[in-house]
Amino acid sequence: MENSPDPAPALVEVRGISKSFGAVRALQEVDFTLRAGEIHALLGENGAGKSTLIKAVTGVFPRDTGIVRLGGEEVAPRSAKAALQAGIATVYQEVNLLPNLSVAQNLFLDRQPMRFGIVREGEMRRRANALLADFGLDIDVAAPLGSYSVAVQHVTAIARAVDLSARVLILDEPTASLDRHEVDILFGIMRQLAKRGIGIVFVSHFLDQVYEISDRVTVLRNGRLVGERETASLPRLELIRMMLGRELAETTSARASATEHRAREICASFENYGKAGYVAPFNLELRHGEVVGLAGLLGSGRTETARLVFGAERADRGQAKVEGAPVRLQSPRDGVRHGFGYCPEERKTDGIVAELSVRENIVLALQAKRGLHRPLSRREQDEIARRYVKMLDIRPADAERPVGLLSGGNQQKVLLARWLATSPRLLVLDEPTRGIDVGAHAEIIRLIRELCDDGLALLVISSELDEIVTYSDRVVVLRDRAHVEELAGEAIDVGNILAAIAADGAAIAHEGRA
Amino acid sequence: MKGLPPVLITAIVLVAGFALCAMQFPNIASTRVVGNLLTDNAFLGIVATGMTFVIISGGIDLSVGSVIGFTTVFVALAIERWGVPPLVAFTAILLLSAGFGAAMGAVIHVFDLPPFIVTLAGMFLARGASFLLSTESVPITAPVYSTVSDFALRMPGGGRLTAIAIIMLVIVIGGALLLHLTRFGANVYALGGSRATASLMGVAVGKMTVKIYMLSSLLAGIAGIVFSFYTSAGYSLSAVGVELDTIAAVVIGGTLLTGGQGSVIGTFLGVLIQGLIQTYINFDGTLSSWWTKIATGILLFAFIALQQGLVALARRPVRKSAGATS
Ligand SMILES: Nc1ncnc2c1ncn2[C@@H]1O[C@H](COP(=O)(O)OP(=O)(O)OP(=O)(O)O)[C@@H](O)[C@H]1O
Ligand SMILES: [Mg+2]
């Protein structure tokens with residue numbers, strides 16, 4: 001990407017923004033400059049204040065101090081609508097769309113094509129199709145958005161914002177639930193928009209993506225500005241140091257003992273297990289102390305497999321066994337009873353209870369497992385909450401805070417803590433590191449390995465192939481809702497996984513992300 | 001379309017119920033009975049149309065029955081005691097009730113209060129105000145009233161489609177068009193999906209809330225006028241509990257009580273079902289009219305259970321592939 005020679009005109013100037021939530025000072029005197037035609041990454045740890053900065057600038061909540069200039073003129077949008085009218089379109093971190101409306105209505109809400117006061121439904125659908133076609137999506141836009149996967153919903157949200165972005169486009173972790181192919185499409189569109197002079201703010205915890213797409217980065221830490229740099233001349237280690245305020249401990253050592261052929265006991269096995277129209281029958285053995293990775297494109301059947309294994313979806317054929325004994329997994333309760341845990345990918349809808357405190361969220365599954373007649377005492381709850389807040393470095397370290405007020409990444413950690421607290425024998429993790437910053441990311445991977453050493457069986461879904469390769473003892477590759485390949489030992493590497501994913505000849509560009 | 005499956009079920013219940021009634025009392029299947037049914041339930045159809053908007057947007061309006069009561073008293077007094085020309089009285093009460101609804105909407109939005117509480121207060125307020133105006137029934141003798149009451153379109157088979165039934169049908173159709181074809185309607189669904197999200201997507205949530213409650217109260221005002229035509233009187237105790245009949249009609253019509261889904265047509269069918277039960281009881285002659293309430297209660301229960309089932313089904317992800325492979 002060519003960086004326009006130095007004095008590119010400042011499009012958005014943010015000066016001295018502060019924002020407190022009660023005693024939490026989420027932003028302190030933060031400056032931020034976005035130039036026309038640049039892609040600017042906004043980085044920082046979980047809870048650093050990125051989303052808060054975005055919301056303060058777009059008027060979602062009032063700021064305590066500070067000014068925002070757009071094209072030299074001071075603006076003070078008082079609502080998301082006002083920001084939109086000023087030409088600033090945003091995809092907020094908690095994907096903001098309405099599952100009960102059709103895809104087309106979501107894309108054109110409050111700006112539908114009209115004639116004589118009537119929404120032109122046909123025209124709207126045509127335009128919606130055209131818009132989504134740019135993102136390689138060909139779906140029925142008249143169907144309710146809620147009937148589609150998270151990824152489709154996310155793409156729809158991005159498409160809406162892209163279409164609305166007259167001057168500025170802000171994307172808060174847009175790539176968290178997209179796979180490589182969709183990320184490539186998004187990046188292509190971002191580059192086109194930048195070329196047209198639109199300023200783009202991009203939040204992500206994927207540093208490779210930051211280096212791939214952004215011209216400049218601004219780093220926040222604990223609500224303060226650390227600095228603004230040109231991406232091209234900023235070494236990665238330096239960037240990480242800016243974000244963490246310390247060096248990142250060397251954690252992602254290769255799977256030291258993975259090739260060691262320990263005779264591991266089978267924890268759970270699934271024979272010819274499947275459900276018509278959902279996932280083709282598969283065989284899967286999960287052993288104590290072993291991580292099995294599930295790799296594949298979005299929609300390839302990874303989450304579906306996980307739901308079958310946990311009992312969230314009922315299989316219509318095959319046999320499941322736990323510790324050698326045949327069992328029936330008819331409902332999530334059966335899964336929990338047999339000592340399974342499941343961290344779903346949609347944390348907002350399937351997991352977190354926003355109004356409850358961190359402590360209450362953490363003990364939820366454990367309490368359910370014990371049954372209502374054996375309540376956990378407050379002391380036990382406090383103890384458990386404290387342990388996991390510390391173990392996963394949940395910030396702020398206040399177990400009584402409602403989870404809804406935590407930053408996105410910290411919510412993810414609370415969800416993980418909930419299942420760890422039940423001391424399961426088998427834990428299914430669907431995209432466990434999504435939305436989690438580099439520091440915590442390394443922590444979670446370390447944690448996964450530790451849990452395994454303690455004899456837990458793990459089934460992990462991830463779109464991050466490097467990550468899967470780092471911790472898996474075996475990798476199952478899925479394609480078109482079927483298990484197509486199982487890799488073990490030396491055979492596990494990114495190249496082989498990609499080859500299996502693309503075995504039908506579809507060429508899939510994948511830039512290595514070392 | 002949104003809410004179609006529940007609406008279909010409502011329609012089937014109505015048709016089956018009508019067929020059963022007609023088997024027992026063949027006379028029910030006549031335009032005369034149907035015409036009366038529409039006339040008797042005209043005011044209910046009108047308020048229920050407004051209530052549909054409120055409930056789809058995720059709210060509730062408990063004040064409508066009281067607004068109807070207040071309207072009848074106000075109109076009767078204005079015409080009979082204060083000598084105000086009927087049209088002026090109608091205009092005044094419609095402005096008043098619209099303003100009342102707008103105020104409730106504004107309070108709900110600005111103070112972020114539950115609609116249940118605010119409209120409950122509105123219910124007491126409007127009922128109290130009508131008692132202040134007059135505690136006795138005030139008969140209306142103005143000539144417009146007899147003219148309107150006498151007006152009717154003849155239907156084949158001798159049935160009469162009265163003026164108030166026509167007003168109701170026009171409002172139901174207008175309401176359906178407003179809800180399903182306009183930007184305003186789409187925003188109503190958006191609010192019901194999630195207020196916070198709708199706001200982030202740029203919907204002016206405050207304005208919408210004011211407008212929705214304004215619409216509901218305005219329609220309650222119109223229903224009040226229609227009610228005064230129907231009874232030719234104004235009485236502060238009229239339409240007590242109508243808010244609950246209204247909510248029942250809306251829910252039986254397939255609108256989700258938690259908001260986000262529903263339709264005006266469904267509500268209309270819900271009103272007809274209630275009317276049908278009432279008609280059946282009238283025909284039977286031996287049943288107490290309280291059986292209407294019991295039958296409505298049972299239906300309501302069945303529909304809510306059904307909706308919970310449908311919602312649970314819809315929650316199960318029907319994952320369609322992203323079409324991302326190419
Ligand atoms: N509505 C709120 N009420 C109270 N505290 C809040 C609220 N929103 C955010 N915070 C707090 O402000 C801080 C900054 O949060 P923010 O969401 O901006 O982090 P972030 O940088 O976006 O992190 P992540 O990468 O995890 O999304 C956090 O400590 C968070 O708990
Ligand atoms: Mg955030």
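Here is the naming used below: chain letters follow the sequence lines, and residue numbers restart at 1 for every chain. Excluded from the calculations below are hydrogen atoms, water molecules and symmetry mates; all remaining heavy atoms, backbone and side chain alike, are included.
- Summarising the local packing, CZ of F61(A) is surrounded by more than 12 heavy atoms from other residues, nucleotides or ligands at distances under 6.0 Å.
- Between the CE atom of M201(B) and the CD atom of Q105(A) there is a distance of 9.5 Å, given to the nearest 0.5 Å.
- In this structure, CE in M114(A) is found 6.5 Å from OG1 in T182(B), a value given to the nearest 0.5 Å.
- Judged as a ring-ring contact (aromatic ring centres under 6.0 Å, His included), and not counting sequence neighbours, the contacts of F187(A) are F202(A).
- Note that CG of L98(A) is 5.5 Å distant from OG1 of T197(B), once rounded to the nearest 0.5 Å.
- When every heavy atom of Q112(A) is checked against every heavy atom of R183(B), the shortest pair comes out as O-NH2, 2.6 Å.
- For the salt bridge (Lys or Arg N to Asp or Glu O under 4.0 Å) test, residues two or more places apart in sequence or in another chain that qualify with D110(A) are K81(A).
- Contacts between residues 203-217 of chain B and chain A, counted as heavy-atom pairs separated by less than 4.5 Å, involve V203(B), A204(B).
- The side-chain contact (heavy atoms from CB on, under 4.5 Å) check on P332(A) picks up F310(A), A312(A), with sequence neighbours excluded.
- Contact of L84(A) with chain B is made through the side chain alone, with heavy-atom distances under 4.5 Å.
- For S199(B), the part sitting under 4.5 Å from any heavy atom of chain A is the backbone (N, CA, C, O) and nothing else.
- Interface check for chain B: of the options I185(A), V119(A), T90(A), V60(A), the most heavy-atom pairs under 4.5 Å are formed by V119(A).
- Judged by distance alone, with hydrogens and angles left aside, the side-chain atoms of N100(A) form no donor-acceptor pair with the main-chain N or O of Q261(B) at under 3.5 Å.
- Neither the backbone nor the side chain of R120(A) comes within contact range of chain B; no heavy atom of the residue lies under 4.5 Å from a heavy atom of that chain.
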